[in-house]
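Since the structure comes first, as structure tokens, the remarks are kept for the end.
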Amino acid sequence: MSRKKLNIGLFGFGCVGFGLYEVLQKTPGLKANIKNICVKDKDKKREIGAENFTFNKEDIFNDPEINVIVELIDDAEAAYEIVTRALKSGKAVVSANKKMIAEHFEELLELQREYQVPLLYEAACCASIPIIRNLEEYYDNDLLESIQGIVNGSTNYILTKTFKDNLSYEEALKEAQDKGFAESNPILDTGGFDAKYKLLILLAHSFGYIAKPDDLLNIGINSIGGLELKYAREKGLKIKLVAQAFKNADGTISAFVIPKFIDSEDRLFNVDDVFNGVITKTSFADEQFFVGKGAGAHPTASAVLSDISALSYDYQYEY
Ligand code: HSE
């Protein structure tokens, strides 16, 4: 299959944006070049020269040579504006914005169909684990019965550090922030919201079930009390924030995010630090277990890179 040359218009140059820049430098086989980067903050000191940046999004939208928009900004509303405008103007999009995708899933699907242009977002779910592609391609004809896992790296890091290394909650959160794992509003991580956005995306790709954030229960690690911690320590258990979805006997779907006691027999027991782990159960393959880093510059950029690479093939997407 032949490969297209991609000229990327990048929105956002935070932890993942810079990670993508570095990853692309080290991927010479891919003909993908970041042509322009749109950022908000004019005064911020950046690792690469000012000639690479614009502060005006029109410079990207009006550049006919730019054929892919990569959106890696934090603000879900601004991301929604960028992504919908890009799709309507026929530019393919790669996004890592789980909140934006979870909140507007149906509309984004419609826009892809209407304008026949792809939106890929492997990085929005579990960073380096290629879970969306597996759900879409490998399990295309194998019926999913359940999917569950640790899908938030920051909270897993915090739980690991407070459990194993006896760090305080505040110290562990600060480390997760310093390492670039946490959302800029950390309540999205600690309150289980980020995990819920990811679960909503997984639900759509596992069961074709499209729900809204308000439809699902999320209880975060900020609800874990001293008694639970004491009980887990005494019994040799760990507490993990688990997102899970399964088909009930009557065909309905249940899905929620909750902290759970995990014993050493459970596959999720050894998924520690910033790692994510996802267990799928299907009719034919039975159980499968995916593990990988769930946050951080390069692991997340690797998923963005795989989407960019997919777009570089002259491949007809089906909507
Ligand atoms: N804050 C997110 C996490 C980043 O910790 O999992 C990756 O989606």
Side-chain angles (χ1 to χ4, degrees), residues 12-20 23 70-76 79 83 94-103 105 120-133 147-162 167 169-203 205 213 218-222 224 239-244 257-259 268 271-278 290-307:
F13 203 66
C15 173
V16 181
F18 182 56
L20 177 66
V23 160
V70 177
E71 175 283 302
L72 299 174
I73 65 173
D74 203 38
D75 178 342
V83 169
V94 176
S95 170
N97 201 309
K98 48 263 158 137
K99 182 171 193 289
M100 184 272 295
I101 293 162
E103 281 173 344
F105 198 90
L120 303 183
Y121 43 85
E122 187 65 71
C125 245
C126 305
S128 70
I129 304 179
I131 188 67
I132 295 175
R133 199 154 297 147
I147 181 162
Q148 61 157 321
I150 297 167
V151 299
N152 180 272
S154 305
T155 48
N156 205 34
Y157 185 86
I158 294 168
L159 290 170
T160 305
K161 292 288 161 185
T162 48
L167 285 193
Y169 181 83
E170 289 73 23
E171 286 167 327
L173 172 61
K174 169 91 178 37
E175 277 193 10
Q177 286 173 315
D178 291 346
K179 288 174 184 283
F181 302 155
E183 300 300 303
S184 52
N185 177 3
I187 189 74
L188 293 177
D189 294 304
T190 57
F193 297 95
D194 178 85
K196 178 163 76 171
Y197 301 139
K198 291 166 178 163
L199 181 60
L200 285 160
I201 297 172
L202 292 175
L203 262 179
H205 289 279
N218 58 297
I219 299 176
I221 66 164
N222 52 2
I224 300 170
I239 302 179
K240 300 280 184 193
L241 185 65
V242 177
Q244 62 188 107
V257 175
I258 46 166
L268 297 179
V271 178
D272 280 337
D273 296 307
V274 73
F275 282 84
N276 283 183
V278 179
F290 301 84
V291 190
K293 285 193 173 165
H298 283 179
T300 312
S302 83
V304 177
L305 179 72
S306 85
D307 282 346

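We count residues from 1, following the sequence as given. In listed order, ligands and their atoms are each counted from 1.
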Response to the item:
side chain to side chain contact (heavy atoms under 4.5 Å, CB included) filter on A96, not counting sequence neighbours, yields L72, A123
Discussion item. Heavy-atom count check: over 12 atoms from other residues, nucleotides or ligands less than 6.0 Å from K161 NZ?
Written reply: yes
Worksheet item: Is R133 paired with D307 through a side-chain N to carboxylate O contact shorter than 4.0 Å?
Response: yes
Which N/O atoms of ligand 1 sit under 3.5 Å from a protein N/O, and at what distances?
from, atom 1, to, atom 2, distance (Å)
ligand 1, 1 (N), F181, O, 2.8
ligand 1, 1 (N), E183, OE2, 2.6
ligand 1, 1 (N), D189, OD1, 2.8
ligand 1, 5 (O), G153, N, 3.4
ligand 1, 5 (O), S154, N, 2.8
ligand 1, 5 (O), S154, OG, 2.6
ligand 1, 5 (O), F181, O, 3.2
ligand 1, 6 (O), N152, ND2, 3.4
ligand 1, 6 (O), G153, N, 2.8
ligand 1, 6 (O), K198, NZ, 3.0
ligand 1, 8 (O), K98, NZ, 2.7
ligand 1, 8 (O), K198, NZ, 2.8

Discussion item. Can you list everything that forms a side chain to side chain contact (heavy atoms under 4.5 Å, CB included) with N218? Sequence neighbours excluded, please.
Written reply: F193, K196, V257
Worksheet entry | Exercise: identify the closest heavy-atom pair between P213 and E103 | CG-CG, 3.9 Å
Worksheet entry | salt bridge (Lys or Arg N to Asp or Glu O under 4.0 Å) involving K98 - partner list, sequence neighbours excluded | E183, D194
